[in-house]
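These figures come from a predicted structure and were not determined experimentally. Within every chain, numbering begins at 1; the chains are lettered A, B, ... in the order of the sequence lines, protein sequences first and strands thereafter.
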2 protein chains.
Amino acid sequence: MSLSQLRYFVTVAEEGHVGRAASRLRISQPPLTRQIRGLEDELGVTLFRRTPRGMELLPAGERFLDAARDVLAGVDRAVALARTDAGGPPRPGGRG
Amino acid sequence: MSLSQLRYFVTVAEEGHVGRAASRLRISQPPLTRQIRGLEDELGVTLFRRTPRGMELLPAGERFLDAARDVLAGVDRAVALARTDAGGPPRPGGRG
DNA sequence: TGAGGTTACGCCTATCGTAATAATG
DNA sequence: CATTATTACGATAGGCGTAACCTCA
């Protein structure tokens with residue numbers, strides 16, 4: 001499980017369409033399909049129902065979507081907290 | 001930034017020692033050092049102070065530690081939620 | 001036939017482990 | 001010299017893109 005997989009999953013869930021999601025993520029469909037598939041495989045849970053119209057979120061997927069968004073938001077929060085200037089010395093080569 | 005980096009960081013923070021942290025993580029010191037360094041570089045923030053006795057958490061590191069734990073807990077929660085049996089069909093080849 | 005998701009294959013990057021190096025006291 | 005973190009170098013695994021394939025209506 002990786003943060004990329006979580007981002008990919010959220011995008012596919014939002015678009016309901018691998019092609020559109022891939023476009024938004026600036027990657028091609030195959031790696032996106034594989035990552036979603038790998039995520040499902042690792043979880044042991046089917047997150048989407050494949051239809052001729054696209055990807056339909058299953059109940060397990062909806063529950064996971066909520067938690068995945070929380071994780072990604074937590075990452076942003078962590079980064080912001082670390083970068084909060086509170087007397088820490090700047091790194092040489094940092095964006096300072 | 002990766003979930004591995006977050007796990008590595010939390011372990012080093014808890015041990016205050018790259019060697020012990022690496023042992024707990026079942027990897028060797030060099031990759032652990034590199035991942036911590038890469039994390040600091042990506043954040044643009046120094047998280048630890050290197051001393052002859054080990055790794056000492058700086059203020060930015062303490063703030064990040066709290067948030068990193070939250071992220072990792074969120075991942076566990078997401079997995080548990082997805083696996084919550086609520087009528088979802090089992091995957092063929094799953095761990096059933 | 002058309003739309004959409006999936007699999008096969010090759011390339012590139014990232015990560016790991018072993019060995020060697022630098023700093024501290 | 002002893003301890004700890006870091007860098008150099010080669011091997012392995014994972015991710016991406018192009019091309020080809022399967023499924024459904």
Side-chain angles (χ1 to χ4, degrees), chain A residues 1-58 60-61 64-65 68 72 75 89 91-94, chain B residues 1-58 60-61 64-65 68 72 75 89 91-94:
Chain A
M1 164 121 61
S2 69
L3 291 176
S4 287
Q5 278 176 320
L6 295 183
R7 292 187 224 277
Y8 290 179
F9 164 75
V10 170
T11 306
V12 172
E14 286 175 355
E15 295 290 341
H17 194 283
V18 174
R20 282 191 63 81
S23 179
R24 249 180 68 186
L25 291 164
R26 306 287 195 152
I27 63 174
S28 57
Q29 291 92 336
L32 186 48
T33 291
R34 282 189 302 249
Q35 291 299 324
I36 298 296
R37 206 109 173 105
L39 182 60
E40 288 180 323
D41 197 52
E42 183 177 347
L43 292 172
V45 175
T46 306
L47 300 171
F48 294 99
R49 186 165 151 252
R50 277 74 171 170
T51 80
R53 313 287 298 185
M55 305 282 274
E56 199 174 292
L57 214 52
L58 291 173
F64 190 70
L65 174 60
L72 296 176
V75 170
R91 309 205 75 231
Chain B
M1 165 121 58
S2 69
L3 290 176
S4 287
Q5 278 177 319
L6 295 184
R7 291 187 225 277
Y8 289 179
F9 164 74
V10 170
T11 305
V12 172
E14 285 175 355
E15 295 292 341
H17 194 283
V18 173
R20 282 190 62 81
S23 179
R24 250 179 67 187
L25 291 164
R26 306 285 196 151
I27 63 174
S28 56
Q29 292 91 336
L32 186 49
T33 291
R34 281 190 301 248
Q35 290 299 325
I36 296 297
R37 205 108 173 104
L39 181 60
E40 288 179 323
D41 197 51
E42 183 176 345
L43 292 172
V45 175
T46 305
L47 301 170
F48 293 99
R49 186 165 151 254
R50 278 74 171 170
T51 80
R53 313 289 297 185
M55 305 283 274
E56 200 174 292
L57 214 52
L58 291 173
F64 190 71
L65 174 60
L72 295 177
V75 170
R91 311 204 74 229

> Taking only residues at least two apart or on different chains, which pairs with a member in residues 16-40 of chain B satisfy ring pair (Phe, Tyr, Trp, His ring centres under 6.0 Å)?
Replying inline: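 Matches after skipping sequence neighbours: none remain.
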>> For residues 34-53 of chain B, which residue pairs pass the ring pair (Phe, Tyr, Trp, His ring centres under 6.0 Å) check, not counting sequence neighbours?
In response: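 Ring pair (Phe, Tyr, Trp, His ring centres under 6.0 Å) check on residues 34-53 of chain B returns F9(B)-F48(B).
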>> Tell me every residue that passes salt bridge (charged side-chain N to carboxylate O under 4.0 Å, His left out) with R49(B), counting only those two or more places apart in sequence or in another chain.
In response: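 Salt bridge (charged side-chain N to carboxylate O under 4.0 Å, His left out) list for R49(B), sorted by chain: E56(B).
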> Which distance, rounded to the nearest 0.5 Å, do you find between the CZ of F64(A) and the CG of L58(A)?
Replying inline: 13.5 Å
> Taking atom CG of L25(B) and atom CZ of R7(B), what is their separation to the nearest 0.5 Å?
Replying inline: 10.0 Å
Rounded off to whole Å, could you give me the [atom1]-to-[atom2] distance for the [X] and [N] pair?
X      : N      : atom1 : atom2 : value
F48(A) : dG4(C) : CZ    : P     : 16 Å
I27(A) : dG5(C) : CD1   : C1'   : 14 Å
L32(A) : dT7(C) : CG    : P     : 13 Å
E56(A) : dG5(C) : CD    : P     : 12 Å

>> Suppose we screen for ring-ring contact (aromatic ring centres under 6.0 Å, His included). Which residues come up paired with Y8(A), at least two apart in sequence or across chains?
In response: none
> Can you name the side-chain hydrogen bond (donor to acceptor under 3.5 Å, both in side chains) partners of R34(B), sequence neighbours left out?
Replying inline: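 Not a single residue meets the side-chain hydrogen bond (donor to acceptor under 3.5 Å, both in side chains) criterion with R34(B).
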> What residues form a side-chain hydrogen bond (donor to acceptor under 3.5 Å, both in side chains) with E15(A), not counting sequence neighbours?
Replying inline: R20(A), R24(A)
>> For a 4.5 angstrom cut-off between non-hydrogen side-chain atoms, does L43(B) reach M1(B)?
In response: yes
Write out a two-atom table: protein N or O, nucleotide N or O from nucleotides 18-24 of chain C, distance below 3.5 Å.
none

> From the 5' end of DNA chain D to its 3' end, which nucleotides mark the outer limits of contact with chain B, defined by a 4.0 Å heavy-atom distance cut-off (strictly under)?
Replying inline: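 Reading along DNA chain D, I get dT4(D) to dC9(D).
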>> Using a strict heavy-atom distance below 4.0 Å, which residues from residues 2-22 of chain B are in contact with DNA chain D?
In response: H17(B), V18(B), G19(B)
> Side chain of Q35(A), backbone of L32(A): donor and acceptor closer than 3.5 Å?
Replying inline: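 No, because the side chain of Q35(A) does not come within donor-acceptor range (under 3.5 Å) of the backbone of L32(A).
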